[in-house]
Amino acid sequence: MNRELRRHSYIRPPRLRSPRPAVMSIAVATYTPPPPSWSHQIRVAAAQGHFRNAISLFLQMRASVAPRSSVPASLPSALKSCAALGLSAFGASLHALAIRSGAFTHRLTANALINLYCKSRGLYHSPGREAISSGALEGARKVFDEMLERDVVSWNTLVLGLAEQGRHQEALSLVRKMCNDGFRPDSFTLSSVLPIFAENANVKRGMEVHGFAIRNGSHNDVSVGSSLIDMYANCTRTDYSVKVFESLPVRDPILWNSMVAGFAQNGSVEEALGIFRRMLCAGVRPVPVTFSSLIPAFGNSASLRFGRQLHAYVIHAGFEGDMFISSSLIDMYCKCGEISIARRIFDRMASPDIVSWTAMIMGYALHGPAREALMLFERMELGNAKPNHVTFLAVLTACSHAGLVDKGWKYFNAMSDHYGIVPALEHCAALADLLGRAGELDEAYNFISKMQIKPTASVWSTLLRACRVHKNTMLAEEVAKKIMDLEPRSIGPHVALSNMYSASGRWNEAAHLRKSMRNKGMKKDPACSWIEVKNKLHVFVAHDRSHPWYDRIVNALNVFSEQMAHQGHVPNTEDILQDIEEEQKTYALCGHSEKLAIVFGIISTPPGTTIRVMKNLRVCIDCHTVTKFISKLAEREIVVRDASRFHHFKDGNCSCGDFW
DNA sequence: CTAGGGTTAG
């Protein structure tokens, strides 16, 4: 080799043979390093997350001749592994071993025991009674109380245990006690306490913790940061979440996900997408959590286009097998009207969990095919998914939207009889809704009156709507008054009552009611409908003439109206809430947002294209009738998602069977 | 030995 080159090379050429003298080689060969101790191996395994290995090594150690000291040295790691694997009975037996071996007095062991009992809800070893008792959190408390010297970890572990099991007040008072004992809450304490104020949506207390974190210097901690972001987002204060996020010097993937989730859960689709894009630009790789947080936002706003794009991204990233993501995709496609795509994703799942089943069942409930929903429920029962209260809400909704009274009663009764689930307000509301829709008004009235839980205005409102549909004025009057007592500012019952007074010639009462409505400044929620055409979202607010195609839309609508009038259609003004004359009401109907959106869809898309329209409120009676006509006249399939369900209009009929 | 982000409904 060239001498020049060798002088300049940084790496010496490798030697193939050892340059050491033979004597040295013999010395090396006879030296055998001591094998790593049992406890060392166990600690390493647990630290790397190989919990099963750690436990298996621990058992091997116990079966072998190991020094006495190896038990206390390995117990913290063994207990950590039990906590992670949920081996509560074995963990409790380690508690007994800890006492026998004297390791119980070690702080690390005691802390690990507190953690074990906090994580496993089940058994704990009770030394006094030489038995295993249930109610593990009490076991944690006992270990904590009996400790000779506690450290911050002891306090933090118990605080988190209490917080995670919903014992919020106890957790908070423990934090006060720890301060009195001279321990300063650290970042662990704060990120365990913040979720409490997130859950209770208590910004005031949450901000106090935020202030404490700043004084404490732990506000730059990523765990505290993500807890703060989540807390503020849960209190609908995403503006504060943003401030926390922007002020953090270091951002890890969890922080980005907290922001995505915070916006998504508050319905801020644009902002959630914005953070997602920024995250990608910053070179942070999305994880499954990112998608399962983001995707539900597209379902709730029915943005099928974005939902599809994210689905493609999920496939590209190889996250298709994630159960959370699959469930969120099922839900998103159902809410965007694409129930068959949702079903395909569901069918491809290896073992759908209860959330996946529920999302699919709810999808059918919203779209109408109740039989399909109930078939899925029966099929689910054959597997190992246990229905929960949301599942029953989905089943009852399905029955309600299809008028299946007997089935509805059957499932409602089965909840408490066979599944140990106490019907909550929303289940009672669903059943009341079912009875009312089916025309069993008196039964619905009796059911609501005898409910265990005090019925809210919204429960009575479903009955009021049923009374109007089934033209029971007497009952409607009574129900409307009940709602007005519960919610004096609610506009629905006022309008219903005033319309009934007018219809029965009780002019004075009608006028009086309308006057008081005006005095209270009551206004209807602004209705809006939206439709996506060529990747552009067109939003229509009632009577809003700002759309560039407004005139063309009205012209087309008039053509449809003439044809309908020709076929004997009389505009139905029951849903018009203003205090105006009949002729003006008919005119008002023409400006309804869903009509504008549907007609715009028809004149701006090629023949045969399915029209998909979303509305923030329920479809009005007249619009529903008109849309049925339009579906036939224009030979279009029209899918409308309103506030309560989907309507598939085709050939002059609607999938809801005129009940919604 | 202790901590933060996710799916169905409301």
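Computed from a predicted model, the values in this text were never measured in an experiment.
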Taking only residues at least two apart or on different chains, which pairs with a member in residues 322-347 of chain A satisfy ring-ring contact (aromatic ring centres under 6.0 Å, His included)? A:H311-A:Y333, A:F346-A:W357
Partner set under side chain to side chain donor-acceptor pair (under 3.5 Å) for A:R343, not counting sequence neighbours: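 Result, side chain to side chain donor-acceptor pair (under 3.5 Å) vs A:R343: A:D347, A:Y364, A:E372.
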For A:K335 and B:dT7, is the shortest distance between a side-chain N/O and OP1 or OP2 below 4.0 Å? no
Looking across every strand, which nucleic acid part, if any, lies under 4.0 Å from [X] by heavy atom: base, sugar-phosphate, or nothing?
X      : answer
A:V260 : nothing
A:D186 : nothing
A:S292 : base
A:P195 : nothing
A:S227 : sugar-phosphate

List in chain and number order the residues that pass salt bridge (Lys or Arg N to Asp or Glu O under 4.0 Å) with A:E338, two or more places apart in sequence or in another chain; answer none if no residue qualifies. A:R308, A:R612
With the threshold set at under 4.0 Å for non-hydrogen atoms, list the residues of residues 337-369 of chain A touching DNA chain B in residue-number order.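 Here the set is A:V355, A:T358, A:M362.
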Mind listing the residues from residues 247-255 of chain A sitting with a heavy atom below 4.0 Å of DNA chain B? Number order is fine. A:D252, A:I254, A:L255
Nearest-Å distance for atom pair [atom1]/[atom2], residues [X] and [N]:
X      : N      : atom1 : atom2 : result
A:I421 : B:dA9  : CD1   : C1'   : 13 Å
A:D331 : B:dG10 : CG    : C1'   : 13 Å
A:F104 : B:dC1  : CZ    : C1'   : 14 Å
A:F51  : B:dC1  : CZ    : P     : 9 Å
A:I196 : B:dG4  : CD1   : P     : 12 Å
A:L329 : B:dG6  : CG    : P     : 17 Å

Counterpart residues, ring pair (Phe, Tyr, Trp, His ring centres under 6.0 Å), relative to A:F306 (two or more places apart): A:F298
Has A:R641 got a side-chain atom pairing as donor or acceptor with A:K335's backbone, closer than 3.5 angstrom? yes
Quiz question: by atom type and distance under 3.5 Å, do the side chains of A:D331 and A:S328 form a donor-acceptor pair?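 There is no such pair (donor and acceptor under 3.5 Å, judged by atom type) between the side chains of A:D331 and A:S328.
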Qualifying salt bridge (charged side-chain N to carboxylate O under 4.0 Å, His left out) pairs, either residue in residues 97-114 of chain A, two or more places apart: A:R107-A:D151
Sequence neighbours excluded - salt bridge (charged side-chain N to carboxylate O under 4.0 Å, His left out) pairs with any residue from residues 238-261 of chain A: A:R237-A:D239, A:E246-A:R251, A:E246-A:R278
Examine the base of B:dG4 for any acceptor or donor lying under 3.5 Å from a partner atom in the side chain of A:S191, and report the outcome as yes or no. no
What about A:S327, does its side chain sit under 3.5 Å from the base of B:dT7 through a donor-acceptor pair? yes
Got a list of side-chain donor-acceptor pairs under 3.5 Å for residues 70-78 of chain A, not counting sequence neighbours?
unit_1, atom_1, unit_2, atom_2, d
A:S70, OG, A:P67, O, 2.6
A:S74, OG, A:S70, O, 2.7
A:S74, OG, A:V71, O, 3.3

